[in-house]
Chemist: 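I am attaching a structure below and will ask some questions about it afterwards.
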Amino acid sequence: DESARLSQSPDDLPSVSVSVQFSDFAYRTDEGKPWVLPVVKKVESIIVNDTTLNHEYLPILGLPEFRSSASKIALGDDSPAIQENRVGAVQCLGGTGALKMGAEFLRRFYNGNNNTKTPVFVSAPTWENHNAVFSNAGFEDVRPYKYWDAQNRGLDLAGFLGDLESCPEHSIFVLHACAHNPTGTDPTQEQWKQIAEVMMRRKLFVFFDSAYQGFASGSLDKDAWAVRYFVSMGFEMLCAQSFSKNFGLYNERVGNLTIVARDADNLKRVLSQMEKIVRTTWSNPPSQGARVVAVTLNSPELFAEWKDNVKTMADRVLLMRAQLKAKLQALGTPGTWEHITDQIGMFSFTGLNPNQVEYMIKEKHIYLMASGRINMCGLTTKNIDYVAESIHEAVT
Ligand code: PMP
């Protein structure tokens, strides 16, 4: 057959599956429903009634007032780096797009040209897409760094620091800014300081992934502590921000890649290259989500209302954590359950082993990942007794 074919045989084009339960990553109310934030509803009606707006293309790098206000919530209003004009941003399609644009830039330009050999380290475990996004951008050496201590159900700080000490200089490290997915375990401020010290000394590059700002503690500022600390230490860095979770704007694909450069001239050159990468990827970004975020962040009243909405979500998760732990302790379930409230953000590593997970799924129809990871938002005041009793049965 001489005609133009997409493939000649199934061997040329195998069928692959991308099985992702997107609901696993989303916030749910106590009724188990998606939540449109009240502030988002309000801002959407402002936008729809604004007769000055149109559907012309946005600039390649995105809506200027979105990019600057988004970077400000990551770095803080009073960030010296912003005042020194060395912070810039690229509006991206979600946090994934921000990681992708950052990875494409680093592969091309970081530490010399076309760096396919530079090791990129991602936490073990991590959000699975980290591996694929970086290898897809051309990095040939994406590796795990030690993070989770399964025995003690906490951070493996010694292992993490050991990997920072022994990796090649100039390696790239992807760090979860807060509310680590999937373990729910973040370094403490003291631990972050140790991590930063080694990274600075060993000339390692920091790429923060900030997908859950506000979800860890309920406070945007607290959740940005690590990012701001690294900036204050003088690191040049990238920070991929997602507004999918903290604005509930999952399908609007609104993300931001914040760039903290050495100086204003360097920033200008980075942004010019970013423009070229974006131009050949999506040419220019969509506007609705970015407008919602920009209008909200640029109005003191709406900003306050948003912070309140974020706190509502974070508080519900914290309440479910506290209740689940209390119920397991009341039942006398063997093992310690402190990690349920020590962990933060949407996810929890329950510590259930694969047999126990299978029992939960087969016998109790409670669906969790084989790793024992649950999305805390699956818990509601109506099902929490059943879940606690089921965990008790699975463990005993
Ligand atoms: N990073 C992490 C750690 C995530 O969990 C997610 C979403 N599950 C993302 C990035 C990507 O977010 P977005 O949907 O905005 O692309």
Chemist: Main chain of L220, side chain of Q213: is a donor-acceptor contact present, judged purely on distance under 3.5 Å?
Modeler: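 Yes, Q213 side chain to L220 backbone: donor-acceptor pair under 3.5 Å.
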Chemist: Is it possible for you to say whether V254 and L99 belong to one hydrophobic cluster, with membership spreading through side-chain heavy-atom contacts below 4.5 Å?
Modeler: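 Yes, V254 and L99 fall within the same hydrophobic cluster.
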Chemist: Can you find a pair of side-chain heavy atoms, one from I391 and one from W337, that are under 4.5 Å apart?
Modeler: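 A side-chain contact under 4.5 Å exists here.
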Chemist: Among side-chain atoms of T296 and N298, is any donor-acceptor pair under 3.5 angstrom?
Modeler: no
Chemist: Should E393 and K364 be marked as a side-chain contact (heavy atoms from CB on, under 4.5 Å) after you check the CA-CA gap, both sets of side-chain angles, and the distance that decides it?
Modeler: CA-CA 10 Å; E393 280 179 37; K364 296 290 161 182; 3.0 Å; yes
Chemist: Between R86 and A261, is there a donor-acceptor pair closer than 3.5 Å when you use the side chain of the first and the backbone of the second?
Modeler: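 Such a contact is found between R86 side chain and A261 backbone.
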Chemist: Looking at OG of S68 and CG of L63, how far apart are the two atoms once the value is rounded to the nearest 0.5 Å?
Modeler: 9.0 Å
Chemist: Applying side-chain hydrogen bond (donor to acceptor under 3.5 Å, both in side chains) as the test, list every pair that has at least one member in residues 156-172; sequence neighbours left out.
Modeler: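 Listed once each, the pairs are K146-D163, E165-R201.
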Chemist: L204, V142: one ILVMFWY side-chain cluster at the under-4.5 Å cut-off?
Modeler: no
Chemist: Hey, are T183 and Q343 close enough side-chain-wise for a donor-acceptor pair under 3.5 Å?
Modeler: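 Q343 vs T183: no donor-acceptor pair found between side chains.
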Chemist: Are I73 and L238 connected in a single hydrophobic cluster, I mean Ile/Leu/Val/Met/Phe/Trp/Tyr linked by side-chain heavy atoms less than 4.5 Å apart?
Modeler: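 Yes, because L238 and I73 connect within a single hydrophobic cluster, where side-chain heavy atoms sit under 4.5 Å apart.
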Chemist: Where the side chain of R67 meets the backbone of G88, is there a donor-acceptor pair that is under 3.5 Å apart?
Modeler: no
Chemist: My understanding is that a hydrophobic cluster links ILVMFWY residues whose side chain heavy atoms are under 4.5 Å apart, including indirect links. Using that, what else belongs to the cluster containing F349?
Modeler: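 Once heavy-atom contacts under 4.5 Å are chained together, F349 belongs with W148.
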Chemist: Contact between C377 and M346 at the side-chain level, heavy atoms closer than 4.5 Å - yes or no?
Modeler: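 Yes, at least one pair of side-chain atoms sits under 4.5 Å.
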Chemist: So, for H176 and F208, is the gap between ring centers shorter than 6.0 Å?
Modeler: no
Chemist: Going by atom types only, do N181 and R373 share a side-chain donor-acceptor pair under 3.5 Å?
Modeler: yes
Chemist: Under the side-chain contact (heavy atoms from CB on, under 4.5 Å) criterion, do R228 and D221 qualify, and how do the steps go?
Modeler: CA-CA 9 Å; R228 294 175 191 180; D221 290 324; 2.9 Å; yes
Chemist: Angle between ring planes, W127 versus H130, binned at 30° and 60°: parallel, tilted or perpendicular?
Modeler: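 Perpendicular, since the angle between the ring planes exceeds 60°.
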Chemist: Return the set of residues passing salt bridge (Lys or Arg N to Asp or Glu O under 4.0 Å) with R291 (not counting sequence neighbours), or none when no residue passes.
Modeler: none
Chemist: Not counting sequence neighbours, which residues clear side-chain hydrogen bond (donor to acceptor under 3.5 Å, both in side chains) with N246? List them please.
Modeler: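 With sequence neighbours excluded, N246 shows a side-chain hydrogen bond (donor to acceptor under 3.5 Å, both in side chains) to no residue whatsoever.
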Chemist: Excluding sequence neighbours, so at least two apart, what forms salt bridge (Lys or Arg N to Asp or Glu O under 4.0 Å) with K311?
Modeler: D315
Chemist: How far apart are the C-alpha atoms of K117 and D141, what are their side-chain angles, what is the distance that settles it, and do they pass the side-chain contact (heavy atoms from CB on, under 4.5 Å) test?
Modeler: CA-CA 6 Å; K117 305 276 185 259; D141 189 3; over 6 Å; no
Chemist: Show the nearest heavy-atom pair for residues N256 and A70, with the distance to one decimal.
Modeler: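 The answer is ND2-CB, 3.5 Å.
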Chemist: Among residues two or more places apart or on two chains, list those pairs meeting ring pair (Phe, Tyr, Trp, His ring centres under 6.0 Å) that have a residue in residues 44-103.
Modeler: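 Applying ring pair (Phe, Tyr, Trp, His ring centres under 6.0 Å) to every pair that reaches into residues 44-103, excluding sequence neighbours, yields F66-F243.
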Chemist: Determine whether M313 and L37 make a side-chain contact, defined as any pair of heavy atoms from C-beta on separated by less than 4.5 Å.
Modeler: yes
Chemist: For atom NZ of K327, decide whether the heavy atoms of other residues, nucleotides or ligands shown that lie under 6.0 angstrom number more than 12.
Modeler: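 Yes.
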Chemist: Has the side chain of R108 got a donor or acceptor atom that lies under 3.5 Å from a matching backbone atom of I277?
Modeler: no
Chemist: Among residues at least two apart in sequence or on other chains, which ones pass ring pair (Phe, Tyr, Trp, His ring centres under 6.0 Å) with Y250?
Modeler: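 Partners of Y250 under the ring pair (Phe, Tyr, Trp, His ring centres under 6.0 Å) test: none.
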Chemist: State which residues pass salt bridge (Lys or Arg N to Asp or Glu O under 4.0 Å) with R316; sequence neighbours excluded, sorted by chain then number.
Modeler: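 By the salt bridge (Lys or Arg N to Asp or Glu O under 4.0 Å) rule, R316 matches D30.
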Chemist: Would you check if L368 and M360 make a side-chain contact, meaning some heavy-atom pair closer than 4.5 Å?
Modeler: yes
Chemist: Please walk me through it: do T51 and N49 pass side-chain hydrogen bond (donor to acceptor under 3.5 Å, both in side chains)?
Modeler: CA-CA 6 Å; T51 53; N49 290 309; over 6 Å; no
Chemist: Can you name the salt bridge (Lys or Arg N to Asp or Glu O under 4.0 Å) partners of R107, sequence neighbours left out?
Modeler: E104
Chemist: Has Q356 got a side-chain atom pairing as donor or acceptor with N353's backbone, closer than 3.5 angstrom?
Modeler: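 Present.
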Chemist: Identify whether V122 and F207 are in the same connected component of the hydrophobic contact network (ILVMFWY, side-chain heavy atoms under 4.5 Å).
Modeler: yes
Chemist: Using side-chain heavy atoms (C-beta onward) and a distance below 4.5 Å, is S244 in contact with L249?
Modeler: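 Sidechains of L249 and S244: no contact.
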Chemist: Using ring pair (Phe, Tyr, Trp, His ring centres under 6.0 Å) as the criterion, list what pairs up with Y212, not counting sequence neighbours.
Modeler: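 If we apply the ring pair (Phe, Tyr, Trp, His ring centres under 6.0 Å) test to Y212, skipping adjacent residues, the hits are F347.
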Chemist: Going by the ring pair (Phe, Tyr, Trp, His ring centres under 6.0 Å) test, which pairs reach into residues 92-122, not counting sequence neighbours?
Modeler: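 Pairs touching residues 92-122 that pass the test: F105-F109, Y110-F205, F121-F173.
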Chemist: Looking at D265 and R269, is any side-chain nitrogen of the basic one under 4.0 Å from a carboxylate oxygen of the acidic one?
Modeler: yes
Chemist: W225: which residues meet the ring pair (Phe, Tyr, Trp, His ring centres under 6.0 Å) condition with it, sequence neighbours left out?
Modeler: Y229
Chemist: Distance from Q241 atom CD to Q91 atom CD, nearest 0.5 Å?
Modeler: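 Output value for this atom pair is 12.0 Å.
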Chemist: Go through the steps to decide whether I60 and K276 satisfy the test side-chain contact (heavy atoms from CB on, under 4.5 Å), and finish with yes or no.
Modeler: CA-CA 9 Å; I60 294 172; K276 209 168 153 190; over 6 Å; no
Chemist: So do the side chains of L93 and P286 get within less than 4.5 Å of each other, counting heavy atoms only?
Modeler: yes
Chemist: Quick one: does any side-chain atom of S135 pair with a main-chain N or O of N131 as donor and acceptor, under 3.5 Å?
Modeler: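 Judged by distance alone, yes, a pair lies under 3.5 Å.
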Chemist: Hey, is E44 close enough to K41 for a salt bridge, meaning N to O under 4.0 Å?
Modeler: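 The answer is no: the pair does not qualify as a salt bridge.
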Chemist: Distance-only, no hydrogens or angles: does the D223 side chain make a donor-acceptor pair with backbone N or O of S217 under 3.5 Å?
Modeler: yes
Chemist: Step through the shown structure and confirm whether more than 12 heavy atoms of other residues, nucleotides or ligands are within 6.0 Å of NZ on K382.
Modeler: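 Buried by this count: over 12 neighbours within 6.0 Å.
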Chemist: Taking atom types as modelled and ignoring hydrogens, do the side chains of D149 and N152 form a donor-acceptor contact shorter than 3.5 angstrom?
Modeler: yes
Chemist: Any salt bridge between E31 and K33, counting N to O under 4.0 Å?
Modeler: no
Chemist: Using side-chain heavy atoms (C-beta onward) and a distance below 4.5 Å, is F247 in contact with V310?
Modeler: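 Sidechains of V310 and F247: no contact.
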Chemist: L352 and Y359: same hydrophobic cluster, using ILVMFWY side-chain contacts below 4.5 Å?
Modeler: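 In one cluster with L352: Y359, no.
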Chemist: Does the side chain of F230 reach to within under 4.5 Å of the side chain of M199, using non-hydrogen atoms?
Modeler: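 Yes, close enough: below the 4.5 Å cut-off.
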Chemist: So, T52 versus D50: side-chain donor-acceptor pair below 3.5 Å or not?
Modeler: yes
Chemist: Under the 3.5 angstrom rule, does the side chain of R321 hit a backbone N or O of G345 as a donor-acceptor pair?
Modeler: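 It does hold such a pair.
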Chemist: Is it the case that the side chain of T126 and the backbone of E128 share a donor-acceptor pair, with hydrogens and angles ignored and the cut-off at 3.5 Å?
Modeler: no
